[in-house]
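Working notes for the structure below.
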Protein chains: 2
Amino acid sequence: MLRLRNAGYKITPPRRAVIEVVLREGEHLDPNEILQQAQAIYPHTGRATVYRTLELLTTLGIVRPIYVGEHGPTYIRAEGGHHHLVCSLCGAVTDFDQCVADSMERELEARFGFQIRSHLLEFYGYCARCRQTQPEIAAN
Amino acid sequence: MLRLRNAGYKITPPRRAVIEVVLREGEHLDPNEILQQAQAIYPHTGRATVYRTLELLTTLGIVRPIYVGEHGPTYIRAEGGHHHLVCSLCGAVTDFDQCVADSMERELEARFGFQIRSHLLEFYGYCARCRQTQPEIAAN
DNA sequence: TAATCAATTGAGAATTTGTCTCAATTGATC
DNA sequence: GATCAATTGAGACAAATTCTCAATTGATTA
């Protein structure tokens, strides 16, 4: 909220609602789900406003879209890192915690003059279950 | 192409065209651009076939969708790693090379029984130019 | 507190993107 | 060359996203 105001944007009810919904713990919501939950908080919230707010919050580095499997975008808080193992066959996503990316941030910031706020590390391949059930694909 | 045949799929002109387009160096093309370029190679290529082929190639671990900035999916070769610095303000994407993710693969494979084929590491933040031109946003 | 004004909004139209259906075609095998 | 399941393209369809514009509202100033 402060980040919004500091950047010169108004604090409005629909913006409050969208922020509250997206920043709730553990949610990976798509724009439509965000619209519905925002309307539970502020009933007049419109679809276009949700899209506009998500774009704004993404620009400000507060939330971030992530894409997993064959589905459309889902939004999460941008802060910190996100680490996934993604199965190319069944689409299953497994989170893991320890990550060596933090150790790279300082050097990249120095080298590119880039101010890093968060990161995403994803490994793609075949999960244990699919390797058993569809060995002919995983073998190639 | 061999991976396709080995997995039991036919080699057809539109599939050839899509593969050729996506695997060309340095391209991050969206499905519509892929359709157009594939039609330049094989004019009869249809939209549905492009989507079907991209899904198939993704399943086989040959290509992969990536999502950057506010735009829709874009396809790249899956092989190996992709490393990006993504500016949340202007959307600029900078590639970098050295990456410590490889060192994690063996351990993750052992821990989760996962067969890793590729990875994506992205850092999000503000690029040097935007930090200068829009300091009030980057400062928050 | 009231007045002001640019920023923001919602509703729905319009566009874009992705999926599905099905008859016709084609690649691989023999 | 014959066979047949896999694949295809066209266009209908559905879903997701963006645009438009008059009405409203938040923040600032008086």
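Small disclaimer: the values here were computed from a predicted structure and weren't measured. Letters go in sequence order (proteins before strands), and every chain restarts at 1.
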Selected nucleotide, minimal atom distance to Lys10(B) side chain, candidates dG27(C), dA10(D), dG10(C)
dG27(C)
Would you say the side chain of Leu4(B) lies within less than 4.5 Å of the side chain of Leu60(B), judging by non-hydrogen atoms?
yes
Between OH of Tyr42(B) and P of dT26(C) the distance, given in whole Å, is 7 Å
Of the listed dA28(C), dG10(C), dA27(D), the closest approach to the Thr45(A) side chain comes from dG10(C)
Counting only side-chain N and O atoms of Arg5(B), is one of them less than 4.0 Å from OP1 or OP2 of dA28(C)?
yes
Along DNA chain C (nearest heavy atom to each residue), the more 5'-positioned of Thr12(A) and Pro13(B)
Thr12(A)
Heavy atoms under 4.0 Å, any strand shown: does Pro73(B) hit a base, just sugar-phosphate, or nothing?
sugar-phosphate
Name the residue closer to the 5' end of DNA chain C, choosing between Tyr9(B) and Gln39(A) according to the nucleotide with the nearest heavy atom.
Gln39(A)
Give a yes or no on whether a donor-acceptor pair under 3.5 Å exists between the nucleobase atoms of dG9(D), that is its base, and the side chain of Arg52(B).
yes
I need the CG-P distance between Leu4(B) and dA28(C), as an integer number of Å.
10 Å
Quick check: do Tyr75(B) and Thr58(B) have side-chain heavy atoms less than 4.5 Å from each other?
yes
Side-chain N or O of Tyr51(B) versus OP1/OP2 of dG18(C): is the shortest distance under 4.0 Å?
yes
Is the ring centre of His82(A) less than 6.0 Å from the ring centre of His119(A)?
no
With a 3.5 Å distance limit and no angle check, can you tell me whether Arg117(A) reaches the backbone of Ile62(A) through a side-chain donor-acceptor pair?
no
Side-chain N or O of Arg15(B) closer than 4.0 Å to phosphate OP1/OP2 of dT7(D):
yes
Whole angstroms only, please: what is the CG-C1' distance between Asn6(B) and dA28(C)?
14 Å
How close or far is atom C1' of dT29(C) from atom CD1 of Ile11(B), stated in whole angstroms?
15 Å
Separation of His44(B) atom NE2 from dA24(C) atom P, in whole Å?
17 Å
For a 4.5 angstrom cut-off between non-hydrogen side-chain atoms, does Tyr42(B) reach Arg16(B)?
no
Just the rounded figure in Å: distance from P of dG26(D) to CZ of Arg16(A).
10 Å
Glu55(B) CD to dA6(D) P, straight-line distance once rounded to whole Å:
17 Å
Provide, to the nearest angstrom, the distance between the CD atom belonging to Gln36(A) and the P atom belonging to dA16(D).
11 Å
